[in-house]
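First up is the structure itself, then whatever we jot down about it.
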There are 2 protein chains.
Amino acid sequence: MVQYSNPQYDASFGALSDATRRGVLEQLASADASITALAEKFQMTLTGMKKHVGVLERAGLVRTEKVGRVRTCKLGLRGLEQEAAWIEEYRQLWSERFEELDNIVEELKLKEKANESK
Amino acid sequence: MVQYSNPQYDASFGALSDATRRGVLEQLASADASITALAEKFQMTLTGMKKHVGVLERAGLVRTEKVGRVRTCKLGLRGLEQEAAWIEEYRQLWSERFEELDNIVEELKLKEKANESK
DNA sequence: GCTATACTGAACCATATGGTACAGTATAGC
DNA sequence: GCTATACTGTACCATATGGTTCAGTATAGC
């Protein structure tokens, strides 16, 4: 069964629910970046961007490392495997459920035909 | 490229970021349920559960239909296909990025060996 | 050592979220 | 028609979110 009470999912799906943060992940997928660079790219104050990075970091989707004055942001060590698995499992249940409904509809149609031919 | 500025994702990932709502989706995957039944199962007031159902409905993950006094909640017509696709695409980029890093590490190791043998 | 850059922290703001209570409306069933 | 049930709507509350400003601190580079 799909596990739903999981703070990890709260954090990661929550992190993904914001367009800026999805954008940051995309950016980091092509190259590491400093907070300043990200703030400029997404037209936001440094402080604002730092908060977003904090959210991503707490969700384990981003790592950061400070060298000198510059904090460099990189992709985290986890790559949404578990979240992908949750969704896939859900999709499985979802499609089973709809197949089931299809079967019921089919059954009803057959019964109808049987009645007609009486 | 992964598309990040998408209100659909805001809504669906936001909906998935709450344990109760993930639980409701699970429940509905096995059987339709009324608001009252869901509220009881998740130990919450009717009003509270109705809000959660509203969030899921706005995200397109749940449909509801009122017959008589009872509003029945069912799985929505979309089954997180797009969200699964977003995550898969991201995971692709993520693993490419890590392969790239692996290559760089390999290269550095080779250079080191070359220096050692001098 | 001075100055510019890069971040950090605290305070603030508006709005959203996750919950409640309580009063109302509509329907099911005797 | 009365009563219980099932929802609906509004108001309220505490806390979180997404942003800002402003005042620090620390480092890079001349």
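Keep in mind the model is a prediction, meaning the values are calculated, not measured. Here is how names work: the chains are called A, B, and so on, in the same order as the sequence lines, proteins then strands, and each is numbered from 1.
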**Request:** Give me the ring orientation class for B:Tyr9 and B:Phe13: parallel if the planes are under 30° apart, tilted from 30 to 60°, perpendicular past 60°.
**Result:** tilted
**Request:** Can you tell me the pairing partner of C:dG29 across any strand shown, Watson-Crick or G-U wobble, with both distances under 3.5 angstrom?
**Result:** D:dC2
**Prompt:** Considering Watson-Crick and G-U wobble pairs with both distances under 3.5 Å, what does C:dG18 pair with?
**Reply:** D:dC13
Grab the [atom1]-[atom2] distance between [X] and [N] for me, whole Å please.
{"X": "B:Glu57", "N": "D:dT8", "atom1": "CD", "atom2": "P", "value": "9 Å"}
{"X": "B:Arg71", "N": "C:dT27", "atom1": "CZ", "atom2": "C1'", "value": "14 Å"}
{"X": "A:Lys50", "N": "C:dA10", "atom1": "NZ", "atom2": "C1'", "value": "12 Å"}

To the nearest 0.5 Å, what is the distance between [atom1] ([X]) and [atom2] ([Y])?
{"X": "B:Leu77", "Y": "A:Trp94", "atom1": "CG", "atom2": "CH2", "result": "7.0 Å"}
{"X": "A:His52", "Y": "A:Arg22", "atom1": "NE2", "atom2": "CZ", "result": "11.5 Å"}
{"X": "A:Met49", "Y": "A:Cys73", "atom1": "CE", "atom2": "SG", "result": "8.5 Å"}
{"X": "A:Glu65", "Y": "A:Lys74", "atom1": "CD", "atom2": "NZ", "result": "4.5 Å"}
{"X": "A:Glu57", "Y": "A:Arg63", "atom1": "CD", "atom2": "CZ", "result": "10.0 Å"}

**Message:** At under 4.0 Å between heavy atoms, how does the protein contact nucleotides 18-26 of chain D? Give one character per nucleotide, 5' to 3', with B, S or -.
**Reply:** BBBBB----
